[in-house]
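Order of appearance sets the numbers: ligands from 1, and atoms from 1 within every ligand.
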Amino acid sequence: MYNFSETLESLRAKDLYRKLNYLEAAQDPYTIIEGQKVLLLSSNNYLGLCNDERMKEAAIRTIQEYGVGSGGSRLTTGSYKLHQELEEKLAAFKETEKAIVFSTGYATNVGTISALADPDWVIFCDRLNHGSIIDGCRLSGAKLVVYKHCDVVDLEKKIKRYHNKGKGLIITDGVFSMDGDIAPLPEIVRLAKEHNLLTMVDDAHGTGILGKKGSGTVAHFNLQDQVDIQMGTLSKAFASEGGYIAGKQSMIDYIRHKAKSFIYSTAPAPHTIAISLQALEIIQKEPERRKSLLEKAQWFRGELNNNGFSVPMDNSPIIPLQVGDADLALQWSRKLFEEAIYVPAIRPPTVPQGTSRLRYSIMATHDYKDLKRAIEKTLQVGKDIRNNSEKKQ
Ligand SMILES: Cc1ncc(COP(=O)(O)O)c(C=O)c1O
């Protein structure tokens, strides 16, 4: 019966066993792992705010005033004035009527989707949407229809086939977390309107980065008044923790009554909220951060391509270098680590079989000298791996 070790052994045999790598310093362009100073090139700390003095001061100030834990769930004693202020500012940032903050992005998706949809609904979901979306869809009991990644022709075909004119929703990531490409939102919204479906965009990786004011993918396409449910996280560009939904007042009120991960979970601590508020202010006041981030990411993509690799030229800080099999991705990652560069291997089930990769991601605080070294070392590691495999054959 309960043979956990056997399963773990089989994961190990397929190079799918996972271990934790512990950081021993701040989440900066350089950090320390296993006692070694390494260039961190896979962080979601896109704007480099995790170790920003203003962010730390906001946390310390708030801890001194309010203490540490939130002390309760949002509906009992865990909601502070700070939560209210953040929700109001997020709603304004996203240009919606209202917003509601959860303790994590995962809880936001699972709670919201399962609160809104039920077995009478059909949900159309991009094949590469984040796991928390898939879990939310499953928990809702709605009919789940997966369409090919960013393929609006397939989406339309599936809507015609499966939408029974009842209630339904199209959900997509704004910027895809493991591929860094951007969803074709204008076409998705058009199809949703044509077929009377709601739209939900998970913009965990676009918020703070895309759009004129940094508010994300929806604003990048100027669709603020067209997308029904805007989801975001506070854990990436915001360098904090938490997630939120922004949208119409009635929908947000409904979520507050129905989303179990909101109701039955302790509220984010006041200092976490203060950090998010500080990040929001920086995002709005310092557009040069996202500009510099995107310039560096474009440069890095271009350099990889100029050196014989093939990565898409999407406009985001997430750069997938697909290598295929899990063992190969692990080898790349290990060899880069030996060169003091940390880029973890991303393997199934996080990505589909055969698409294991190194997920590079750029931070606004990286400098070109370090990025250049990363390109050189990637090139060298690629050559070493190729030479080794030719020798074995
Ligand atoms: C697209 C997407 N949605 C949701 C989440 C979950 O957010 P969090 O890490 O804040 O729980 C993530 C983060 O991993 C993500 O990449």
Side-chain angles (χ1 to χ4, degrees), residues 18 20 23 27 42-47 49-50 74 86 90 94 99-115 123 125-139 146 149-150 169-183 185 188 199-210 215-218 220 227 229-246 255 259-262 265-269 272-273 275-276 279-280 314 316-320 344 346-347 349-352 357 359-363:
R18 294 171 183 232
L20 297 169
L23 271 68
Q27 186 98 192
S42 200
S43 172
N44 294 331
N45 175 24
Y46 301 123
L47 296 176
L49 295 179
C50 275
R74 289 295 311 275
L86 179 61
L90 284 172
K94 291 285 178 176
I100 181 168
V101 168
F102 291 66
S103 51
T104 69
Y106 184 91
T108 309
N109 274 334
V110 169
T112 300
I113 300 166
S114 62
I123 303 180
C125 184
D126 188 290
R127 175 166 175 260
L128 297 187
N129 275 348
H130 190 258
S132 54
I133 296 178
I134 310 289
D135 288 357
C137 293
R138 291 205 176 115
L139 192 61
V146 174
H149 179 52
C150 286
L169 172 66
I170 307 175
I171 308 186
T172 181
D173 282 15
V175 173
F176 285 84
S177 56
M178 295 298 139
D179 290 75
D181 52 348
I182 299 174
L185 289 189
I188 289 175
T199 42
M200 173 167 174
V201 177
D202 171 340
D203 211 20
H205 297 275
T207 306
I209 293 160
L210 295 180
S215 64
T217 316
V218 171
H220 168 76
V227 170
I229 308 162
Q230 294 198 50
M231 181 271 176
T233 58
L234 300 161
S235 51
K236 313 231 176 333
F238 277 68
S240 179
E241 287 164 13
Y244 58 90
I245 297 290
I255 290 171
K260 294 193 171 164
S261 61
F262 178 83
S265 191
T266 295
T272 308
I273 299 298
I275 299 168
S276 299
L280 183 55
D314 296 305
S316 85
I318 303 166
I319 305 169
I346 308 291
R347 295 163 285 161
T350 307
V351 291
R357 67 198 64 186
R359 175 193 183 269
Y360 290 86
S361 64
I362 309 297
M363 292 187 227

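Side-chain contact between T172 and V201: present, with at least one pair of heavy atoms (C-beta onward) separated by less than 4.5 Å. Contact of the M200 side chain with the N109 side chain is registered, since non-hydrogen atoms from C-beta on lie closer than 4.5 Å. Counting heavy atoms from C-beta outward, D173 and I133 have side chains that approach closer than 4.5 Å.
No hydrogens or angles considered: nothing links the side chains of R359 and T350 as a donor-acceptor pair under 3.5 Å. For the residue pair H149 and D181, a side-chain donor N or O sits within less than 3.5 Å of a side-chain acceptor on the partner.
The contact set between ligand 1 and S235, taken as ligand atoms under 4.0 Å from a residue heavy atom, comprises 8 (P), 9 (O), 10 (O). If you number the atoms of ligand 1 from 1 as listed, the ones under 4.0 Å from a heavy atom of Y106 come out as 6 (C), 7 (O), 8 (P), 11 (O). Within ligand 1, the atoms closer than 4.0 Å to a non-hydrogen atom of G105 are 6 (C), 7 (O), 8 (P), 10 (O), 11 (O), numbered from 1 in the order shown.
Under 4.0 Å from ligand 1, the heavy atoms of H205 that appear belong solely to its side chain.
A distance-only check finds a donor-acceptor pair linking the side chain of R74 to the backbone of V101 [under 3.5 Å].
Within the structure, ligand 1 has K236 among the residues with a heavy atom less than 4.0 angstrom away. For the pair G243 and ligand 1, no heavy-atom separation below 4.0 Å is found.
Pairing each heavy atom of D314 with each of G180, the nearest pair is CB-O, 3.5 Å.
On a distance-only criterion, A204 and ligand 1 share no N/O pair closer than 3.5 Å.
Atom 3 (N) of ligand 1 has its closest protein heavy atom at D202 OD2, 2.6 Å. Of the protein's non-hydrogen atoms, the one nearest atom 5 (C) of ligand 1 is H130 CE1, 3.4 Å.
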